[in-house]
There are 2 protein chains.
Amino acid sequence: MTPLERFDEFLQARGKRITRQRRLIIQCVYARHDHFDAEQLLLELRAHVGSIQASRPTVYRTLNEMVDAGLLKKMVLDGRAVYEHDYGYPQHDHLYCSSCGKLIEFSSNEVGRIRDAVAREHQFRATGHRLIVTGTCSVCMSRRVQSRHQDRV
Amino acid sequence: MTPLERFDEFLQARGKRITRQRRLIIQCVYARHDHFDAEQLLLELRAHVGSIQASRPTVYRTLNEMVDAGLLKKMVLDGRAVYEHDYGYPQHDHLYCSSCGKLIEFSSNEVGRIRDAVAREHQFRATGHRLIVTGTCSVCMSRRVQSRHQDRV
DNA sequence: TTGTCTGCAAACACTTTGCACTTTT
DNA sequence: AAAAGTGCAAAGTGTTTGCAGACAA
């Protein structure tokens, strides 16, 4: 089942309608495989040629629906929601560069093991987890070294 | 060094002043060892007998300072900032019950190992991490079973 | 006395919502 | 024709900020 098909099914199942706006949004979301926020998506929609557009509220509404439909995963970074593809995409976690905001994906099955072990220990029914390692990415590290160089000049 | 001493030092070092409000806030924060948000702290401050009070902006400002001073750790849950003691408190992660909002602490040195291994792999300089396992705590689980019981009646 | 701090009210960023109108079914 | 969706503007939330008066050093 493609993401679009899955979304259609999700909508149909709840008596929701397949509108031009929702189609445009899902198409735009799946045009690239990146992390993005509502504002970025809005900009990309506006860059799209074509007669249909989608307003900010519609974008927010549709993003929430896509999360509910299991198509997107949402995480909150620095006070704003960031989305990534979820459906059919393997479980993973993130390195977050607090200097440039870049998100680097990594997967470790150990994390899942720890999660389950800890949950069992606390009679806790785990439904998901989020591991974000913050720090500085290699690009920003070298940039920082360079500017330190320049400071001395 | 007690938290208070450390905060005093932090303030002095930056030419900041030790005001009644800051003293009141730090005292209130260290009265209990719990997770709390700005609004809860504000309520507790108001419950405090005494002539001095602190306004909402002052509470927010002071909480940020305490984070900078390394006394508090901040995390964001459901769109609001939640704080916990950090200074002199061992590294740990959390189980978060999405039903009642309870935070359960756990510590696993494996998480740190994974973090360092992944960081090395990506030439990433890790400064911290946050692992939150979401799900349902044991109390809410049994409550749920009970209400299912009642449904049948 | 000097400069920081406070409290107020207003601004803020992000997200959600009420409502009249449009569109899908 | 009925019901859901859209866009607009307005309202929400949690948090931050400009500024005049209060206070610590």
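Quantities reported herein were computed from a predicted structural model and do not represent experimental measurements.
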Produce the list of close N/O pairs, under 3.5 Å, pairing protein atoms with atoms of nucleotides 16-21 of chain C; give distances to one decimal.
unit_1: dT16(C); atom_1: OP2; unit_2: Asn64(A); atom_2: ND2; d: 3.3

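- Listed pair Thr19(B) / dA24(D) fails the phosphate criterion, with no side-chain N or O lying under 4.0 Å from OP1 or OP2.
- When rounded to the nearest whole Å, the span between CD1 of Ile18(A) and C1' of dT22(C) equals 18 Å.
- Note: CD (Glu65(B)) to P (dT16(D)) measures 12 Å, nearest angstrom.
- Atom CZ in Arg22(B) sits about 11 Å away from atom P in dT4(C), given to the nearest Å.
- For the pair Asp37(B) CG and dG14(D) C1', the interatomic distance rounds to 10 Å; values are reported in whole Å.
- Counting atom types as modelled, Arg20(B) pairs no side-chain N or O with a base atom of dA24(D) as donor and acceptor under 3.5 Å.
- The distance between atom CZ of Arg17(B) and atom P of dA22(D), rounded to the nearest whole Å, is 16 Å.
- Ion pair Glu65(A)/Arg22(A) flagged as a salt bridge, since at least one NZ, NE, NH1 or NH2 atom sits closer than 4.0 Å to an Asp/Glu carboxylate oxygen.
- Across all strands, Arg80(A) comes closer than 4.0 Å only to sugar-phosphate atoms, never to a base (heavy-atom distances).
- Between Lys74(A) and Glu84(A), none of the side-chain N atoms (NZ, or NE/NH1/NH2) sits under 4.0 Å from a carboxylate O, so this pair counts as no salt bridge.
- Ion pairing between Glu110(A) and Arg113(A) holds under the 4.0 Å rule for side-chain N and carboxylate O.
- Within residues 41-54 of chain B, no residue approaches DNA chain D, by heavy-atom distance under 4.0 Å.
- Each end of the helix from dT1(C)-dA25(D) to dT25(C)-dA1(D) yields a helix axis from five base pairs, and these two axes differ in direction by 30° (to the nearest 10 degrees).
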